[in-house]
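Because the structure is predicted, anything quoted here is derived from the model rather than measured.
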Amino acid sequence: CQLDCRAVHRLPGSPRPDRSALMKAPPAVSGPHASPIHVALLGQANSIHLQRWAIGLAERGLRVSVITQQGAEALPLPSSIEVHVLPFRGGAGYVLNALALRRLLHTLRPDLLHAHYASGYGTTAMLARWHPWLLSVWGADVYDFPEKSTLHRALLRQNLQRADRLASTSMAMAKLAVPGRRPWSA
């Protein structure tokens with residue numbers, strides 16, 4: 001699955017990207033009968049970050065599905081973007097929705113699951129066991145969440161370790177997401 005990740009910082013220790021390949025968006029469809037790349041975005045649907053990802057990927061010709069706990073009413077998303085609402089809400093929903101997410105993903109068959117926020121939706125993605133999945137960290141999920149308790153630290157560590165790839169919009173957060181560099185790592 002090729003995606004244009006110019007806005008995502010390289011994590012320490014990962015190989016440097018070929019900058020010439022990043023200068024243009026990859027084709028979303030190749031060949032006469034190929035289907036567009038399908039990305040499922042898992043996160044808070046009313047988040048401006050998730051909405052920008054959804055719209056940006058759709059504008060590049062990718063098929064986009066947004067999967068969320070929040071209702072889909074009045075979302076400023078183009079009609080080409082599918083929105084799926086999971087059955088459970090709130091903190092418990094991040095665990096209780098795992099089976100529903102897994103079933104939905106088996107129906108949708110996305111090429112990539114992209115979970116936004118390493119604690120809540122990262123937990124749902126980890127429990128759903130879909131691959132490949134990209135996990136984006138956004139701030140409080142790596143700065144505040146692990147400080148709540150030993151259980152919170154362990155859960156976040158598990159989510160970060162099980163993701164196939166990690167993404168961050170800042171190098172400071174990216175360093176916290178890398179094993180061995182977290183001040184709260186065991």
Visitor: Mind checking side chain to side chain contact (heavy atoms under 4.5 Å, CB included) for Arg129 and listing every partner two or more places apart, or none if nothing turns up?
Guide: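 So Arg129 forms a side chain to side chain contact (heavy atoms under 4.5 Å, CB included) with Arg102.
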Visitor: Once you round to the nearest 0.5 Å, how far does CE of Met126 lie from CH2 of Trp133?
Guide: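 Output value for this atom pair is 7.0 Å.
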Visitor: For Leu77, check side chain to side chain contact (heavy atoms under 4.5 Å, CB included) against everything at least two apart and list the hits.
Guide: Gln51, Ala54, Ile55, Val66, Leu75, Ile81, Val83
Visitor: Kindly give the heavy-atom pair with the smallest separation between Gly90 and Gln69, and that separation in Å.
Guide: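 The answer is N-OE1, 2.9 Å.
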Visitor: At what distance, to the nearest 0.5 angstrom, does CZ of Phe88 lie from OG1 of Thr124?
Guide: 11.5 Å
Visitor: Determine whether Leu99 and Tyr121 fall in the same hydrophobic cluster, where Ile, Leu, Val, Met, Phe, Trp and Tyr are linked whenever their side-chain heavy atoms lie under 4.5 Å apart.
Guide: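 Shared cluster, no.
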Visitor: Side chains of Leu112 and Pro132: does their closest heavy-atom pair fall under 4.5 Å?
Guide: yes
Visitor: Search all heavy atoms of Gly61 against all heavy atoms of Pro36 and return the closest pair with its distance.
Guide: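 Heavy-atom minimum between the residues: O-CB, 3.4 Å.
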Visitor: Only one of Leu96, Leu42, Thr68 forms a side chain to side chain contact (heavy atoms under 4.5 Å, CB included) with Leu86, so which one is it?
Guide: Leu42
Visitor: Evaluate the criterion side-chain contact (heavy atoms from CB on, under 4.5 Å) for residue pair Leu57 and Leu41; output intermediate values, then yes/no.
Guide: CA-CA 10 Å; Leu57 293 172; Leu41 299 174; 4.3 Å; yes
Visitor: Search all heavy atoms of Ala98 against all heavy atoms of Ala128 and return the closest pair with its distance.
Guide: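 Smallest heavy-atom distance, with atoms named: O-CB, 3.8 Å.
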Visitor: Keeping Gln44 on the side-chain end and Gln70 on the backbone end, is there a donor-acceptor pair under 3.5 Å?
Guide: no
Visitor: Please report the closest heavy-atom contact between Arg109 and Trp130, naming both atoms and the distance.
Guide: NH1-CH2, 3.5 Å
Visitor: Could you list all the side-chain hydrogen bond (donor to acceptor under 3.5 Å, both in side chains) pairs where at least one residue sits in residues 82-99, not counting sequence neighbours?
Guide: Arg63-Glu82, Ser65-Glu82, Glu82-His84
Visitor: First locate atom CG of Leu105, then atom NE2 of His131, and finally report the distance between them rounded to the nearest 0.5 Å.
Guide: 11.0 Å
